[in-house]
Amino acid sequence: MTQVVEIKIPDIGDFKDVPVIEVLVAPGDKVEKETSLITLETEKASLEVPAPQAGVVQDIKVKVGDKVSEGTVILTLAATAQSTQTARPQTTSAAPENAPSAPVQPIGPSDMHADVVVLGAGPGGYTAAFRAADLGKKVILIERYPTLGGVCLNVGCIPSKALLHAAKVITDADEATAHGIVFGKAQIDLDKLRSWKESVIAKLTKGLKALAKQRKVEVVHGNGKFVTGHSIQVETAEGSKTISFEHCIIAAGSSVTRIPGFPYDDPRLIDSTGALALNDVPQRMLIIGGGIIGLEMATVYSALGSKISVVEWMDQLIPGADPDLVKPLHRRIGKRYEAIYLKTKVTKIEAAEAGLTVTFEGDKAPQPQTYDRILLAVGRRPNGREIGAEAIGIQVNERGFIPVDQQMRTNLPHIFAIGDIAGEPMLAHKATYEGKLAAEVIAGHKVAFDARTIPSVAYTDPEIAWMGLTEKEAIKQGIDYEKAVFPWAASGRAISMAREEGLTQLLLDKTTRRILGAGMTGINAGELIAETVLALEMGADMQDLSLTIHPHPTLSETVLFAAEMAEGTITDLFLPKK
């Protein structure tokens, strides 16, 4: 007996109207439980929606380019009665307080034992380990790579910022010509540049190693997987070790997302790790994905001399940001890059001796183009299914995230999850906040996640930063808001730096005048956003900001000016009376 059921988009956190970038099945296909059905693309990660049960695909309700949200029907499935009864219940990323706890095995024999084991030594993991140690716990930190710091420090945030600094020096020197300062064409010594980048990483990883030693945190290098509810097996260079624990904090992070069918065995198709290796500077380079990671790498390689093209399926770059914030960046790089293709996707990559030939699809898709190098930067996916979590009863949802409550507990109350693996947004500063919190909960502190916002930054040129509500979110939620925008073309500091393309934007509640969100585009926007984050956390209103004396001339005073725009007290611009 079969039953036709509707398969819907499960809980995908705060994301709405997410575009479908790939449909992976067709009518008549037989699928098993967990078979991927479609692929979605958010700002920071691509994600696949799996089948919650086995059956035969009947009617597909979505196509590539459609935008979907939680509850959208994607297809109908003819499932057997048994399959329907045993289908895995959908879980969410919200607090799993009422979720059934799996039976936990007693602590058995092990090679090592700790009060707290932390699985993963990225920013969230090492923060959790160090805080737990500071609170008197015996801690073991497990890391699969030879050095601490995780993806962020070794092959992500830190090396990319080092290269972006180098790119800015090159760009600034080039643009100084217009001001009568001529340096000549930059001579790039890739070996020295690469060595400098590695020295930045080494300095920080050595610092983490010293901090672990000072706190008596024992570090075990190897791949760890759960074997029971109180033990993890780690495959190390010296052999397998079993580590038992009273509490565990999962900080296992995320991995690069891949699009099926591309020639990944060709070294000319690289991910962000390959791009940061800086093996050479290709003459012609395509970036697949117009999000933060792709555009940061585009900034680096453009400065080093590559002709850059960017292809993005959405109708704007950095889809998670408000369009007004993205426009100054788009205008600037549109003049510097070879091409920017929006509402376009790559359908095929063919490897040949002359290069990688790409076929595009979209309203304004170009003819097939050949590139020397292609960077795939379409997001990251959580590692929830790679650590044996489900085998011991830890809930892992359809997207691979591990749901947690406000104290970062999983459905097993002695096991916690933080960082990328615990849900969006996949940002290092979110992970460190959660890591410290989890350690304090284990130590008996009465704390919970109560941050009102998590800021986002694109370290492009110009930088884009935002926090709180975006204008798109405010409109969707039906919030009665006002927007105050101060253009950097009226900022003395921005003009004196010859970078007046930026803007500072504040969103405020129309009734209370309290800040709801903020966004900035321009030099050092990532540094400037912190003031508005604090303002939101403190419940500040426009008068609080407009009556706070800021130093002049600075870029930070653009926050003051935007608040004065909202209050109608601005003197640096003329506002016609309403």
From CA spacing to verdict: side chain to side chain contact (heavy atoms under 4.5 Å, CB included), Trp466, Val457: CA-CA 7 Å; Trp466 67 98; Val457 182; over 6 Å; no
Under a 3.5 Å distance rule, please check whether [X] uses its side chain to pair with a backbone N or O of [Y] as donor and acceptor.
X: Thr72; Y: Glu70; result: no
X: Asp17; Y: Lys67; result: no
X: Thr127; Y: Gly124; result: no
X: Lys345; Y: Ile21; result: yes
X: Gln316; Y: Ala321; result: yes
X: Asn524; Y: Glu527; result: no
X: Glu143; Y: Tyr145; result: yes
X: Ser491; Y: Ala494; result: yes
X: Asp322; Y: Leu325; result: no
X: Thr177; Y: Val182; result: no

Excluding sequence neighbours, so at least two apart, what forms salt bridge (Lys or Arg N to Asp or Glu O under 4.0 Å) with [X]?
X: Lys472; result: none
X: Arg331; result: none
X: Glu500; result: none
X: Lys364; result: none

So, do [X] and [Y] sit near enough that their side-chain heavy atoms are less than 4.5 Å apart?
X: Ile292; Y: Ile318; result: yes
X: Leu427; Y: Ser456; result: yes
X: Ser309; Y: Glu338; result: yes
X: Val441; Y: Phe416; result: yes
X: Leu163; Y: Lys197; result: yes
X: Ile308; Y: Leu286; result: no
X: Ile170; Y: Leu304; result: yes
X: Ile515; Y: Leu508; result: no

Might you confirm whether atom [atom1] of [X] has over 12 heavy atoms from other residues, nucleotides or ligands at distances under 6.0 Å?
X: Arg493; atom1: CZ; value: no
X: Lys476; atom1: NZ; value: yes
X: His445; atom1: NE2; value: yes
X: Arg215; atom1: CZ; value: yes

Of all pairs that satisfy ring-ring contact (aromatic ring centres under 6.0 Å, His included), the ones with a partner from residues 298-331, not counting sequence neighbours: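 Every candidate ring-ring contact (aromatic ring centres under 6.0 Å, His included) pair involving residues 298-331 fails, so no pair, neighbours aside, qualifies.
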Is there any ring-ring contact (aromatic ring centres under 6.0 Å, His included) pair reaching into residues 505-531, and which pairs are they, with sequence neighbours excluded? none
Should [X] and [Y] count as an ion pair when the cut-off is N to O under 4.0 Å?
X: Asp271; Y: Arg380; answer: no
X: Glu424; Y: Arg399; answer: yes
X: Lys436; Y: Glu434; answer: no

Salt bridge (charged side-chain N to carboxylate O under 4.0 Å, His left out) pairs, two or more places apart, involving residues 305-320: none
Residue pairs, two or more places apart or on separate chains, that pass salt bridge (charged side-chain N to carboxylate O under 4.0 Å, His left out) and touch residues 156-175: Lys161-Glu296, Lys168-Asp172, Glu175-Arg332, Glu175-Arg336
May I have the step-by-step check of salt bridge (Lys or Arg N to Asp or Glu O under 4.0 Å) for Asp420 and Arg381, ending in yes or no? CA-CA 8 Å; Asp420 288 3; Arg381 64 179 65 197; over 6 Å; no
So the side-chain hydrogen bond (donor to acceptor under 3.5 Å, both in side chains) pairs with at least one residue in residues 541-559 (sequence neighbours excluded) are Thr504-Thr558, Glu531-His550, His552-Glu557, Thr554-Ser556
For Gln477, check side chain to side chain contact (heavy atoms under 4.5 Å, CB included) against everything at least two apart and list the hits. Leu469, Glu473, Ile479
Result block: side-chain N/O donor-acceptor pairs under 3.5 angstrom for residues 446-454, not counting sequence neighbours:
residue: Asp450; atom: OD1; partner: Tyr433; partner atom: OH; Å: 3.0
residue: Arg452; atom: NH1; partner: Leu536; partner atom: O; Å: 2.6
residue: Thr453; atom: OG1; partner: Gly468; partner atom: N; Å: 2.7

Between [X] and [Y], what is the shortest heavy-atom contact and its length?
X: Phe183; Y: Ala176; answer: CE1-CB, 4.2 Å
X: Gly149; Y: Pro123; answer: O-CD, 3.7 Å
X: Gly435; Y: Ile418; answer: CA-CD1, 3.4 Å
X: Ile333; Y: Ile340; answer: CG1-CD1, 3.6 Å
X: Tyr126; Y: Ala121; answer: CD2-O, 3.6 Å

Dump the intermediate steps for side-chain hydrogen bond (donor to acceptor under 3.5 Å, both in side chains) on Thr147 and Asn154, then the final yes or no. CA-CA 8 Å; Thr147 55; Asn154 290 281; 2.7 Å; yes
Name each donor-acceptor pair under 3.5 Å that joins a side chain in residues 564-576 to protein atoms two or more places apart or in another chain, with its distance.
none

Could you walk me through whether Glu471 and Leu507 pass the side chain to side chain contact (heavy atoms under 4.5 Å, CB included) check? CA-CA 7 Å; Glu471 190 171 8; Leu507 299 184; 4.3 Å; yes
